Amino acid sequence: NLLKKPRSPAFYEEIEELLIATDVGPAQASLLVRELKTWEEQQNDPKKDPLVFIEERIASFFPLDPPLWEEKPHISPVTVLFVGVNGVGKTTTVGKMAHYFKARGKSVVLGAADTFRAAAVQQLILWGERLDVPVIRQKEGADPGAVAFDTVKAALARKIDVALIDTAGRLQTKHNLMAELHKIHGLVKRELPDIPFETLIVLDSTLGQNAMSQLEHFQKALPLTGMILTKLDGTSRGGIAVSLARKYRLPVRFVGVGEGNDDLLPFDPVLYARALVR
Amino acid sequence: SLTERFDRIFRKITGRGLVGEAQVDETLREMRVALLEADVNIDVVKTFVANIRGRLIGAEIGVGLTGGQTVLKEVFQEVVHILGDQRASLQLSPKPPTLIMMMGLQGSGKTTTAAKLAFHFRQANRRVLLVASDFVRLAAIEQLEVLGNQVGVPVLTPKEGVQRPQDMYQDVRRRWIEGMHEIVIIDTSGRLAIDQEMMEELKNLRDLYKPKEALLVLDAMTGQEAVNVASEFDRQIGVDGVIFTKLDGDARGGAILSIRSVLGKPIKFVGTGEKIDRLEPFYPDRIASRIIG
Ligand SMILES: Nc1nc2c(ncn2[C@@H]2O[C@H](COP(=O)(O)OP(=O)(O)OP(=O)(O)O)[C@@H](O)[C@H]2O)c(=O)[nH]1
Ligand SMILES: Nc1nc2c(ncn2[C@@H]2O[C@H](COP(=O)(O)OP(=O)(O)OP(=O)(O)O)[C@@H](O)[C@H]2O)c(=O)[nH]1
Ligand SMILES: [Mg+2]
Ligand SMILES: [Mg+2]
């Protein structure tokens, strides 16, 4: 029982290193341990296990406000744009989210706005076939903004509940690609100002401290409304989300736990924090 | 910058010709944070700091250098040393074909890198064959076909009814004999090192093909788990070399130091972009400055 353990510098160092090992980052780990020490000093007889304190602290950083697709009355179509760096799981997540909405009786349309990468459109088309969901696309090299716009227009015309738009992976330091994202968002926002519009950044749980740079640059390019953490079925625990939630105050909407349609779970900050610390 | 932070520590104790213990410990604390921020694994950082500490205490401050610069120079040289003082290249088989097998976590860049390697060897006038054996990811086969087309290299895709990568072996072998291919690059599905079934499949493929080079493809932005994942692939399959991808971003690449430090496997190439010509040799000194920041 950690409550009974003597409080030596080594004790706190151990907690710090446990956090660092999950990609929480040295600054955040050190901050959390300082907060733990302060709290313990203020307690005459600490009733709480220090790890529980850390868990609760971590869980508290994640905003709990509901996403636009859960708002009542539901204005259609709710549009969700998926962005992120290369290979993190955007396309797969779009597929899983389509399945998620269909399972809840919502109609879905997908937008294949990655007009650049080899077989990117085909990948999303196959997801659409697998789930019996329409996919809006144009020829290779087409303007992604135009595809995004077409997708929302199609959703409006066909009275579809949700429009999910997939974009090409891009490293955050590529100015022209970030500008393209800014344009895609701006076009949809300008032409269709009244539709509920979310932009989710997809993050790979295996990611290290580069996550901070990703959020910084993506947030500058377009307003992010939430995060998705993928590949949590691996050994990485996505500790980077702690600093991201704390700094950017963005909710994590879902976590990816595999490659199949059902491998998408709503984010639970308590379970997430517990998995980080244990 | 790290030099400025180190210099500030040394300015507190002036007029010394030798690097003192207190200064060393303080600079090593800064070094530790910098390496962790760069995603170097915590255990690797601890070993690194312990090893370099002895070397630094009592070290003479270099001519024309500040105390901080002396420490930084020592750290830099040690990182370069770990990363590998000479560039590793892909080993060709004495008797063709040279079989290269790509492996790694989901999304790390295997398929794109397979195409880049094909392009690299085609530029060197080698007869190359690409093998598409990812049966899991949607449109994976098509992705390699499109890339193969861009590179001008034939891509062998699964025959009708073939459902497992192992069942392609006979076909691949027949094809490389008929085509007299010197280099055969086999692309595989992304997989978790803890996925027993998928690691079993990879073992089967390794036993069938007996590749000259089983290459682990890792994303340069991978965090603390990089070395654990790599160790598991090495333990179960055997890693002949590593390729780090997406180095055209601003990821510090600490995973590179972790893997060199723990596994000691050669880094054969680095990926520096999405286009097929964006495969570069691994330069230890460039990566060292990037990691140290
Ligand atoms: N194990 C696991 N694999 C995942 C998960 N999410 C995605 N993947 C896999 O990660 C790989 C990359 O997924 P994609 O959806 O193509 O990633 P992307 O972000 O769209 O990639 P780009 O469009 O090339 O930038 C695929 O092999 C997916 O099956 C997850 O939650 N768990
Ligand atoms: N910027 C950049 N992108 C890269 C690099 N290497 C690969 N990519 C991109 O990373 C994404 C994933 O690449 P893939 O080749 O599909 O990765 P993979 O390992 O085959 O993925 P799975 O087969 O799903 O496991 C794609 O968007 C690639 O274009 C690189 O060096 N730099
Ligand atoms: Mg994609
Ligand atoms: Mg692939």
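Quick caveat, the model's predicted, so the values are computed rather than measured. Only heavy atoms go into these numbers, but all of them, side chains included; no hydrogens, no water, no symmetry mates. Naming convention: chains lettered A, B, ... in sequence-line order (proteins, then strands); numbering from 1 in each chain.
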Novice: Charged N to carboxylate O below 4.0 Å: is that the case for B/R32 and A/E17?
Specialist: yes
Novice: Find the distance between CG (B/D219) and CG (A/D204) and round it off to the nearest 0.5 Å.
Specialist: 7.0 Å
Novice: I need the B/D195 CG to A/D233 CG distance, nearest 0.5 Å.
Specialist: 8.5 Å
Novice: As a quick check of understanding, evaluate side chain to side chain contact (heavy atoms under 4.5 Å, CB included) for B/L147 and A/R117, giving each step before the final call.
Specialist: CA-CA 10 Å; B/L147 291 172; A/R117 208 209 66 213; over 6 Å; no
Novice: Roughly how far, to the nearest 0.5 Å, is CG of B/L138 from CZ of A/R130?
Specialist: 4.5 Å
Novice: Within this structure, what is the CG-CD1 distance for the pair B/L36 and A/I20, rounded to the nearest 0.5 Å?
Specialist: 5.0 Å
Novice: With chain B as the partner, which of A/P26, A/A119, A/G89 has the greatest number of non-hydrogen pairs under 4.5 Å?
Specialist: A/P26
Novice: Given B/D250 and A/S213, is the side-chain hydrogen bond (donor to acceptor under 3.5 Å, both in side chains) satisfied, shown in steps?
Specialist: CA-CA 8 Å; B/D250 62 357; A/S213 166; 2.7 Å; yes
Novice: Show me the pairs that pass salt bridge (charged side-chain N to carboxylate O under 4.0 Å, His left out) and involve residues 134-153 of chain B, at least two apart or across chains.
Specialist: none
Novice: Any idea which of A/D23, A/L171, A/T173 has the most non-hydrogen atom pairs under 4.5 angstrom with chain B?
Specialist: A/D23
Novice: Verify the neighbour count for atom NZ of A/K174: are there more than 12 heavy atoms of other residues, nucleotides or ligands below 6.0 Å?
Specialist: yes
Novice: With a 4.5 angstrom heavy-atom cut-off, could you sort out which part of B/E274 is near chain A: side chain, backbone, both or neither?
Specialist: side chain
Novice: Please check if the side chain of B/D39 supplies one atom and the backbone of A/Q209 the other of a donor-acceptor pair under 3.5 Å.
Specialist: yes
Novice: Find the distance between CE (B/M221) and CG (A/N86) and round it off to the nearest 0.5 Å.
Specialist: 7.0 Å
Novice: Return the OG1 to CD distance between A/T235 and B/Q224, rounded to the nearest 0.5 Å.
Specialist: 11.5 Å
